[in-house]
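Below, all heavy atoms of this structure are taken into account, side chains as well, without hydrogens, waters or symmetry copies. Because the structure is predicted, anything quoted here is derived from the model rather than measured. Per chain, numbering begins at 1; letters A, B, ... match sequence-line order.
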Amino acid sequence: MLDIQDLRKDLAAVAELLKKRGFTFDTTKYTELEARRKNIQTETETLQAKRNAISKQIGMAKSKGEDVAPIMTEVVGLGEQLKKSELALMFVQTEMQKMILGIPNLPHESVQAGKDETKNVEVRRWGAPRTFDFAVKDHADVGAPLGLDFDTGAKLSGARFTFMRGGIAKLHRAIAQFMLDTQTEQHGYEECYTPYLVNYETLLGTGQLPKFEEDLFKIKTDIPDDPTAGEVAEVAATGATSLQYRTKQFYLIPTSEVTLTNTVRDEIVPLDTLPIKLTAHTPCFRSEAGSYGKDTKGMIRQHQFDKVEMVQIVHPDKSYEALEEMVGHAENILKALELPYRVVSLCTGDMGFSAAKTYDLEVWLPAQNTYREISSVSNCEAFQARRMQARFRNENGKPELVHTLNGSGLAVGRTLVAVLENYQNADGSVTIPKVLQPYMGGQEKLTIR
RNA sequence: GGAAAGGUGGCAGAGUGGUUGAAUGUACCUGACUCGAAAUCAGGCGUACGUGAAUAACGUAUCGAGGGUUCGAAUCCCUCCCUUUCCGCCA
């Protein structure tokens with residue numbers, strides 16, 4: 001959510017920045033709503049002030065035992081007028097709120113303007129892609145004989161689900177363990193275990209809702225209300241078949257950024273607790289609506305995948321420092337795994353809704369002969385904090401919005417893909433990266449079953 | 001899932017229809033006293049929004065959330081959420 005004050009002060013400048021990231025902001029509609037809001041709010045508050053004053057008079061008069069009838073006549077019709085005005089205010093405020101919640105974050109000045117990923121800027125590369133003296137297979141072909149079982153995944157759930165067995169399943173677990181241990185032991189994050197089902201407010205806080213509902217999996221639970229005896233009789237008598245239901249709506253988290261970041265929702269944290277650094281290994285669920293036909297083979301794009309997430313809640317002055325640090329934390333994982341990668345600064349058009357600046361880490365995939373996204377680290381500045389009302393008490397004791405950052409550290413499934421492809425051998429086996437061997441009971445290779 | 005109790009300012013804790021944004025205590029800030037500190041005394045001390053040049057002033061909202069009754073609601077009514085305790089069930 002943007003700062004409403006910024007919208008009021010310099011609407012044109014905000015609209016210009018939004019245009020840079022491909023978002024057309026209807027300033028005419030906004031200006032019109034804002035004018036209406038101002039009118040109605042002034043009117044409503046004037047009426048409220050009047051009501052309060054008269055009610056106070058009545059109270060005073062009554063306590064003195066005076067006759068209140070004359071004062072009462074003054075208030076005739078006021079209630080109705082006020083109700084009408086309050087309703088109109090609520091309506092216009094809801095309209096504006098809807099509009100504002102749908103506006104993406106403003107890009108940081110250092111972000112390259114551009115329409116799509118072709119304008120992303122490569123920042124640096126690390127590691128040299130290995131040369132193979134045999135025909136490289138993609139991860140699906142390497143993994144299949146080792147226990148990567150797409151058929152069973154499809155049977156159980158459908159497309160974009162994977163079943164893993166044996167060494168592959170264990171390697172997958174080893175990768176996650178290694179990442180989590182590195183983030184907690186080397187980089188100072190606190191390990192967390194979080195819910196995978198969250199409520200509406202939580203997703204509103206990090207910006208997935210209300211705009212991107214179609215990307216999420218929804219869980220709806222209908223709990224029948226316990227009908228009283230009277231209602232049961234009524235239902236029986238009328239032959240009605242439907243009971244009253246109370247619906248509980250949950251959403252599966254698309255990333256634990258959601259749960260970790262929302263830990264500070266509606267909180268005012270003391271200054272000295274910053275920065276808050278949290279990490280968690282969780283599954284992530286994405287409907288990937290709108291990605292039909294993309295990466296259909298293999299486990300690049302799944303409805304369910306595991307990720308180790310890093311989140312930092314920081315002082316606004318420190319957020320860009322933290323962004324660089326977090327990119328480093330993600331890079332350290334790839335360095336330890338000795339996987340070649342590059343760091344890319346996303347252009348305005350390729351960034352996510354909540355981000356002011358994003359770096360992607362792209363890992364080398366020999367079978368695709370290209371770098372593919374394996375981590376995304378973003379500074380959301382106060383965008384999420386404002387939605388969440390997440391604040392800290394500043395040097396003067398005043399509440400001020402925190403800045404929030406999140407990043408993958410890393411996507412576990414895609415790391416498995418990268419390991420399978422980069423560490424494959426001519427005989428179909430896969431060498432286990434050194435740092436993962438302790439997590440595999442000292443095993444050095446995955447061999448065909 | 002059943003039963004009961006409860007959700008009030010940073011914390012503790014009064015308040016059951018009327019000059020209540022809310023007693024009191026505590027924490028915190030300022031001043032006085034002191035060489036300094038403690039203690040004591042005096043004053044101040046929430047948040048959001050609006051009008052506004054303003055971190056001035058004024059107004060509005062806010063006592064878990066939403067709705068209702070009323071001229072007036074922290075207080076009465078309804079719905080929901082959450083917490084605690086006991087019982088049941090369950091991994």
Side-chain angles (χ1 to χ4, degrees), chain A residues 1-10 33-97 100-101 193 195-202 204-205 220-231 243-251 262-273 382 385-402:
Chain A
M1 196 164 100
L2 302 183
D3 189 348
I4 294 190
Q5 304 302 338
D6 287 348
L7 290 178
R8 294 211 182 108
K9 276 184 205 131
D10 204 346
L33 277 173
E34 170 66 7
R36 258 169 63 202
R37 191 225 94 230
K38 206 176 223 179
N39 256 327
I40 300 173
Q41 182 161 349
T42 309
E43 183 190 302
T44 306
E45 291 185 355
T46 306
L47 288 171
Q48 284 171 331
K50 192 173 165 192
R51 180 204 57 197
N52 290 347
I54 296 175
S55 293
K56 206 170 252 189
Q57 273 181 40
I58 295 174
M60 280 192 270
K62 272 205 166 174
S63 68
K64 288 182 203 148
E66 291 168 9
D67 180 20
V68 294
I71 315 176
M72 291 292 250
T73 59
E74 281 184 53
V75 89
V76 170
L78 192 85
E80 201 142 317
Q81 211 183 337
L82 185 59
K83 200 168 272 183
K84 239 173 87 182
S85 190
E86 279 174 339
L87 219 65
L89 180 63
M90 209 201 300
F91 182 79
V92 72
Q93 279 177 335
T94 308
E95 276 295 295
M96 293 191 79
Q97 193 67 2
I100 289 164
L101 285 173
Y193 173 84
Y196 305 152
L197 293 169
V198 294
N199 57 31
Y200 188 92
E201 290 72 22
T202 299
L204 191 78
K220 205 172 182 177
T221 314
D222 289 333
I223 303 162
D225 267 348
D226 192 27
T228 65
E231 278 166 343
L243 284 167
Q244 285 292 316
Y245 283 96
R246 214 168 40 207
T247 302
K248 271 203 141 161
Q249 177 77 73
F250 288 114
Y251 296 84
N262 272 280
T263 53
V264 290
R265 187 174 88 226
D266 293 321
E267 301 281 341
I268 301 174
V269 302
L271 182 60
D272 60 17
T273 59
R386 193 171 291 110
R387 289 172 162 247
M388 294 190 298
Q389 281 305 299
R391 294 168 294 176
F392 69 101
R393 218 167 270 286
N394 69 16
E395 295 78 353
N396 303 318
K398 290 286 165 210
E400 195 179 328
L401 294 168
V402 295

For [N], give the paired nucleotide (Watson-Crick: N1-N3 plus N6-O4 or O6-N4; G-U: N1-O2 and O6-N3; both under 3.5 Å), or none.
| N | answer |
| --- | --- |
| B:A61 | B:U47 |
| B:A27 | none |
| B:G1 | B:C87 |
| B:C33 | none |
| B:U55 | none |
| B:A74 | none |
| B:G6 | B:C82 |
| B:A39 | none |

Just how far, in rounded Å, is [atom2] of [N] from [atom1] of [X]?
| X | N | atom1 | atom2 | answer |
| --- | --- | --- | --- | --- |
| A:E80 | B:G68 | CD | P | 13 Å |
| A:Q57 | B:G18 | CD | P | 18 Å |
| A:R393 | B:A27 | CZ | C1' | 12 Å |
| A:M1 | B:C49 | CE | C1' | 12 Å |
| A:K62 | B:U70 | NZ | P | 14 Å |
| A:I100 | B:C49 | CD1 | C1' | 13 Å |
| A:E267 | B:G64 | CD | P | 17 Å |
| A:N199 | B:G64 | CG | P | 20 Å |

Can a side chain N or O of A:Q81 be found less than 4.0 Å away from OP1 or OP2 on B:C71?
->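 Answer is no, no contact under 4.0 Å.
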Using a cut-off of less than 4.0 Å, is there contact between a side-chain N or O of A:K83 and OP1 or OP2 of B:G68?
->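 False: A:K83 side-chain N/O out of range (4.0 Å or more) of B:G68 OP1/OP2.
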Short question: side chain of A:R393, backbone of A:I268 - any donor-acceptor pair under 3.5 Å?
->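 Between the backbone of A:I268 and the side chain of A:R393 there is no qualifying donor-acceptor contact (under 3.5 Å).
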Distance-only, no hydrogens or angles: does the A:S55 side chain make a donor-acceptor pair with backbone N or O of A:R51 under 3.5 Å?
->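 Side chain of A:S55 to backbone of A:R51, a donor-acceptor pair under 3.5 Å: yes, one is there.
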Could you work out the separation of [N] and [M] based on their [atom1] atoms and round it to a whole Å?
| N | M | atom1 | answer |
| --- | --- | --- | --- |
| B:C86 | B:A91 | C1' | 22 Å |
| B:G7 | B:G64 | C1' | 6 Å |
| B:A74 | B:A22 | P | 12 Å |
| B:G72 | B:G18 | C1' | 7 Å |
| B:C33 | B:U40 | C1' | 8 Å |
| B:G44 | B:A61 | P | 24 Å |
| B:U84 | B:C28 | C1' | 30 Å |
| B:G17 | B:U75 | P | 12 Å |

Reckon A:I54 touches a base, only the sugar-phosphate, or nothing at all at heavy-atom distances under 4.0 Å?
-> nothing
Assign A:Q5 to base, sugar-phosphate, or nothing according to its heavy-atom contacts below 4.0 angstrom with the strands shown.
->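 Counting heavy atoms under 4.0 Å across all strands, the contact made by A:Q5 is with sugar-phosphate only.
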Do A:R36 and A:L33 come within less than 4.5 Å of each other through their side chains, counting heavy atoms only?
->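 With C-beta onward as the side chain, the pair touches.
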Search all heavy atoms of A:A385 against all heavy atoms of A:V402 and return the closest pair with its distance.
->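 Looks like CB-O, 3.1 Å.
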In terms of the nearest nucleotide of RNA chain B, which residue is placed more toward the 5' end: A:R391 or A:M90?
->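 Nearer the 5' end of the strand: A:R391.
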Are more than 12 heavy atoms from other residues, nucleotides or ligands located less than 6.0 Å from atom OH of A:Y200?
->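 More than 12 within 6.0 Å, yes.
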Within 6.0 Å of CD in A:Q5, more than 12 heavy atoms from elsewhere = yes
Whether each nucleotide of nucleotides 51-62 of chain B has a protein heavy atom under 4.0 Å at its base (B), only at its sugar-phosphate (S) or at neither (-) is summarised, 5' to 3', as S-------BSS-
Are A:E34 and A:R37 ion-paired here, with the side-chain N under 4.0 Å from a carboxylate O?
-> yes
Pair A:T202-A:N199, side-chain donor/acceptor within less than 3.5 Å =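 There is such a pair between these side chains.
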Testing A:M388, A:Q389, A:R391 for side chain to side chain contact (heavy atoms under 4.5 Å, CB included) with A:V264, which one passes?
-> A:M388
Side chain of A:K56 (C-beta onward), nearest among B:G18, B:U19, B:A48 |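 Of all the options, the side chain of A:K56 is nearest to B:U19.
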